Amino acid sequence: MTPTEALLSTRNLTVKYPYGDVQNVVIDDLNLDLYPGQIVGLLGESGSGKSSLALALMGLARHPGVVSGEVNFRGQDLLKMDDEELRQIRGNSIGLITQKPRQALDPLVNVGKQISRVYRAHSQASKEEGQIRAVELLRSVGINDAERRVSAYPHELSGGMAQRALISMALSVEPDLLIADEPTSGLDVTIQAQFLDRMWERARDANIAVLIVTQDLGIVANYCDRIVIMEDGKIIEDRTTVEFFANPHTDYGKKLILSSGADAKASNADVAVITSPEILRVTDLRKTFEVDGGKRLQAVSNASFQIHKGRSLGLVGESGSGKTTVGRLILRLADPDSGEVWFKGERIDAISPKEFRKYRSKIQAVFQDPFDSLNPRWPIERVIREPLDLHTQMNKEEKSARVKELVSLVGLTDDILPLRPGSLSAGQQQRVSLARALATEPEFLILDEPTSALPPAARADMIRLLKSLQERLDLCFIFISHDLSTVRELCHDIAVMYLSEIVEMGTSEQVFSAPSHPYTRALLDSVLFHDPNNRRVDRKIKTELEGEIPSPVDLPNGCYLAARCPIAEQRCRDDHQELIQIGPSRSVRCWKSVEASK
Amino acid sequence: MRRYVLRRLAVGVLQALGITIAVFFVIRALPADPVSRIVGMNPTPESIAQARRALGLDMSLFQQLLTFLGFHGNGVFTGSLGTSWVSGSTILSEIAITLPTTIQLIVTSFIVALAVAIPIGMATARRPGGKLDKGVFGYGLFAGAQPEFWWGLMFIFVFYFKMGIAPAPLGLLDPELTAPDAVTNFILIDSLIAGDFTAFKSALGHLVLPVLTLSFLLVGPLLKMTQQSMSRVLSSEFILYQQASGLEKKSIGRSTLRAALAPIITLTGILFGFMLSGAVLVESVFSLNGLGQYSVAAVLNLDFPAVQGVILVISVISLFVYLGLDLLLAKIDPRILVK
Amino acid sequence: MQKRKIDPLLLIGLIIIAGSLFLAVFGNSLAPYDPQEPVGDFSMPPSADHWFGTDGSGLDVFSRVLAAPRVDVAIAVTAAIVSAVLGTGIGLYAGYFTGRFSEIVMRISDILQSFPVFILAMVLVTLTGRNVVNLIFVLAFLYTPIFVRLTRSEVLTQRTRTYVEAARATGNSEFQIATRHVLRNSLAPSLVQLSVTVGFGILLTAGLSFVGAGVRPPTPEWGIMIASGAPNIILNEWWTSVFPGIAISITVFGYAAAGNAIERWARK
């Protein structure tokens, strides 16, 4: 499908970064055509040049890069235009949305002025008109108190808010081409779905050409008509999305498809009565933090659950839901305000930090950031050996043998032992963390988003590894994640958290096949399956949440979801909701869901 | 904003007071005997006792401090820094003569240094890795730490002795000229007030080598900072985004400059505070008789009130300079007030 | 990893540092004449006998330039090391175990750092007695707060990193985390500063003697030598001041260059 004439086409496009006499080529002699109304996904590993290409399509390069070749936009070469002509096209006919919304805003100027500047650069509007337009635009992207927000500085905005401000700037002038460089990285899944839906509708309605730079196969499968893959500054694959998913040509493409969890199934579907002994029990856990101005941020409230030997619990939620804090409270990296933590029948939240240290060999953890989790100055051997030094009486030979055993257990080889963390890939680093956590044969693990910071292929490998270890070692763990499909693959039970509370709990099978709470439903709906034949945009009924997540400092009186919930009634806004059991090992915090289940 | 200023002022005043009191005790705690300097050779016990009484050293340390602060008659709180043990005149009047010379030297040097460093730093930031860039790096590294008094001597040797294009390095004016009436004690300003352009030209001439010496060193760190700050802003996300939004070049240029300015201002403040006492060496090379030379004499003569006075005055000036620059920063960058 | 290429700046710095340390130890023995005794005519320009000439008291300038590092470099290096060790230790403690002690330490170092350095150094040295040992104490005292500050702020950053949390979860005590994990990762700024501080120490030592508030003549010391030649430079007797000045200039540059190279290396 090649409709009409190309809107933008590059010929021999090259971007170089000079340093003294050295030239670093990031875009190499590249030809690409973009058509009106077509949404193109630009994929590639980091460093492949995709972000540079996104900029080069506007004739731009990050300082001090140089763009050469041809960029023909509606038949005119951008690179031959003078500054004024070029300026009229940028931000007017071609809009850009960047990856880091807060950094893209000038930190020294308020948002209203910035929007007004862009608007006035492409119109004859006066300062006053610009300011009025800024308020209109902010309101149009769903910012509530736009009159007040125009005078806010970027550091006073949340990431989501800043992203909206950028979108309002990019769309203020009805561009013909929209370039979006990883526009949703760092956004929560429900917000991401909101944003992408709007963009998709907009592109379809106004026949805009869109280029989305992304690493997420889900976004591509759900929203893009065509896929372009880059490697080393060149295009290595360029086909329609459906063709690509059916039969990828390049190694990178094949790896991507292979790594996608398109066939994710809940593997552990037993709802049978659990007979294995209880390992961990948490009751009424509550934690608040003091924030500026003496207010208190509610991080976790009334969290209760238990985990039995050989089982795994997935703790799911968006940023700020409190899922990570729950893990930290169990690990005694923070102390709860109230509530109890029991480990194999012993209460472990009230003992002294020194006493707790002897439990450390039994309760271990893996954290989200692979590199940051390892002491950068220590060789891998020492990192993995550390728990053995601290908790065992092993001699040198025994330790060395155990370290080698652990390395091969997590699928690494001995030759990494003398290296420092900095010279390993993120996937390898995370395996080292896992080896360290397993060193003392702990009875319980907390895995805090161990796969979120990994590139797609490494993520898939890590999940496979965890799954095989789970079977071989009969591991018992909490898996904290915002990624529902991963949780589904790895966990027997699931607890969904929203704004410090558990809103729904049950076995994986129960929750995934019949989500009960409106938040869970929205969360499941915003999962972008890696399958172009099952697209979110084609679905008839969608549970959508509106607006932003409220601040955990000023929580509403009633149900915390009420303001965003599509089925909220007055009662929801008045009464705070309790977690109510609606079946064996299944409970939900929503009176409407409880009634529906009867 | 007002609360921010008041808080900064309060902290600053407390700090200056803390410094003054600390100096007061440190001086007296150390094993040195100022009395022997004053009574001369072969003193009698009576003359020593009399001198101690005259200097107030017979009182307890605490009483001495109270006197110094102004609880018994005039003191710091009533705007007096006491009288010199050596000359007998008030410290304030002596500082009023010497301080302007130092300020004049430093301010002129900063103007010159900034005028050189900012444009060159900005130009090199646009072309990293070039010859000029490497030159700037080398110079910044070299001038960052150098014996300024020696460089002063070298400049005298070359420009005065060898080439004869600079005046003799002796004071603020040619010796045959009479100084204009002292109004502000800034000789450049006083000569203008008096309408004496010969004196003005001579004073300016005498300023050239000392200013060259100081700015030769100051340009190093300022240049390096300008360049770093500028390349950081140039490669920043928001400048890129402004270009992508099709803003006018002039407007982007203004944003760049504004964003790059903050670290330069901060560094200027730190260097200025450092120079208030660091100019001593250059003053002494060029016999400028500024605050620095005054403090050297005070220390070597064990003239405690003068030492205390100089340190207090320098601390207070630094305080106001830092405060002024911070206000400027807060004006440029709204994030400052958050902290 | 890139191929191993030695940073030329580091090489230059290390050569100069090695040279200065060598002279600090052997300078005296290498000097052709006694650096403290008149050896010839007054104020003689450089010649075959006296490579750098003689000064106004008939001392051999070359011998004195060689012998001076025993004073200048020794003072600066010792003071820098003492203040680095002290400052890093205090900074680690104050940064890792925030609390009352940490607050007090920071307030004291605030006050110390807002003193006019040169005047304070003059006061302290003059009042304690102008000799080498006192100079070392004074310099170490003045420079310690810099290391406290640097280390503390680095420790504050390191403390928030996940590896510290991981170390705690692995079962380290707080003391073990501070000394085994955080300290090692917080050393880079102090290491850079150590080299830079030696340079500043040399400048301060020489500067103090230049205004007559440092070690006493006729000790072979670069600042004293420059001062003794200063009045005569306008009489064309340039050699007395020029050579010791070049020596300071090169030495100080060497330490600054090494510091900069270490910084670049540490940033990788």
Side-chain angles (χ1 to χ4, degrees), chain B residues 11-12 15-16 18-19 22-23 26-32 34 137-138 140-154 156-157 160-162 168-170 273-274 276-281 283-285 291-293 295-296 298-300 302 304 307 310-311 314-315 318-319 322, chain C residues 9 13 107-108 110-129 134 196-200 202-204 206-208 210-213 222-223 225-227 229-230 233-238 241-242 244-249 251-253 255-257 259-261:
Chain B
V11 170
Q15 199 161 328
I19 290 174
V23 170
V26 165
I27 292 177
R28 285 162 176 79
L30 295 175
F137 172 77
L141 186 63
F142 179 78
Q146 279 296 303
E148 67 273 37
F149 50 102
W150 180 72
W151 283 101
L153 278 178
M154 293 306 105
I156 291 173
F157 182 65
Y160 168 68
F161 179 75
K162 285 287 181 198
L170 298 165
F274 180 74
L276 274 174
S277 75
V280 174
L281 292 163
E283 286 177 20
S284 123
V285 170
L291 192 64
Q293 275 201 293
S295 63
V296 173
V299 172
L300 293 182
L302 304 183
F304 288 2
V307 173
V310 167
I311 292 181
I314 290 182
S315 312
S318 323
L319 167 69
Y322 293 149
Chain C
L9 200 61
R107 289 293 83 74
I108 293 178
D110 269 350
I111 293 204
L112 275 178
Q113 284 209 302
S114 52
F115 270 117
V117 181
F118 193 83
I119 297 182
L120 186 63
M122 261 194 323
V123 170
L124 293 177
V125 174
T126 312
L127 298 188
T128 49
N134 286 340
V196 175
T197 301
V198 174
F200 281 120
I202 292 174
L203 287 178
L204 190 55
L208 285 172
F210 183 77
V211 296
W222 291 328
M225 298 173 70
I226 296 173
I233 202 153
I234 48 177
L235 305 172
N236 204 17
E237 191 196 314
W238 49 271
S241 295
V242 166
I246 291 175
I248 297 185
S249 184
T251 312
V252 171
F253 173 73
Y255 283 94
N260 195 291

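Not measured: the values here are computed from a predicted model. Chain letters run A, B, ... following the sequence lines, proteins first and then strands; every chain starts at 1.
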*Side chain, backbone, both or neither: which part of B/Val296 has a non-hydrogen atom closer than 4.5 Å to chain C?*
both
*Pick one of side chain, backbone, both or neither for B/Ile156, based on which atoms fall under 4.5 Å of a heavy atom in chain C.*
side chain
*Nearest heavy-atom pair of B/Ser295 and B/Val310: which atoms, and what distance?*
CB-CG1, 3.8 Å
*How long is the span from the CD1 atom in C/Ile234 to the NZ atom in B/Lys162, to the nearest 0.5 Å?*
13.5 Å
*Would you mind checking which part of C/Val242 comes under 4.5 Å of any heavy atom in chain B, side chain (CB onward), backbone (N, CA, C, O), both or neither?*
both
*Is it the side chain or the backbone of C/Leu120 that comes within 4.5 Å of chain B heavy atoms, both, or neither?*
neither
_Measuring from atom CG of C/Leu203 to atom CH2 of C/Trp222, what distance do you get when rounded to the nearest 0.5 angstrom?_
10.5 Å
_I'd like to know which of C/Ile119, C/Val123, C/Leu9, C/Leu235 tops the heavy-atom pair count under 4.5 Å against chain B._
C/Ile119
*What's the shortest heavy-atom distance between C/Met225 and C/Pro244, and which atoms?*
CB-CG, 3.7 Å
*Please list, chain by chain and in numerical order, all residues satisfying ring pair (Phe, Tyr, Trp, His ring centres under 6.0 Å) with C/Phe210, sequence neighbours excluded.*
B/Phe149
_Region of C/Leu124 in contact with chain B, defined by heavy-atom distances below 4.5 Å_ = both
*Heavy-atom pairs under 4.5 Å with chain C are the metric here; pick the option from B/Phe274, B/Tyr322, B/Phe137, B/Tyr160 that has the most.*
B/Phe137
_Atom group of B/Ile314 that falls short of 4.5 Å from chain C, counting heavy atoms_ = side chain
*Hey, what's the ring geometry for B/Trp151 with B/Phe142, parallel, tilted or perpendicular (30° and 60° as the breaks)?*
perpendicular
*asked:* Please classify the contact of B/Ser318 with chain C as side chain, backbone, both or neither, using a heavy-atom distance under 4.5 Å.
replied: neither
*Heavy atoms only, distances under 4.5 angstrom: which of C/Asn236, C/Thr128, C/Ile248 has the most pairs with chain B? Name it, please.*
C/Asn236
*Determine yes or no for a side-chain-to-main-chain donor-acceptor pair under 3.5 angstrom, with C/Ser241 supplying the side chain and C/Trp238 the backbone.*
no
_Rounded to the nearest 0.5 Å, what separates atom CD in C/Glu237 from atom CZ in B/Phe161?_
11.0 Å
*Between C/Gly229, C/Gly259, C/Ser249, the one whose heavy-atom pairs under 4.5 Å with chain B are most numerous*: C/Ser249
*Checking B/Ile27 against chain C: side chain, backbone, both or neither under 4.5 Å from a heavy atom?*
both
*Donor-acceptor under 3.5 Å (C/Thr251 side chain, C/Ala247 main chain)*: yes
*May I ask you to name which of B/Val26, B/Val285, B/Ile311, B/Leu281 has the most heavy-atom pairs under 4.5 Å with chain C?*
B/Leu281
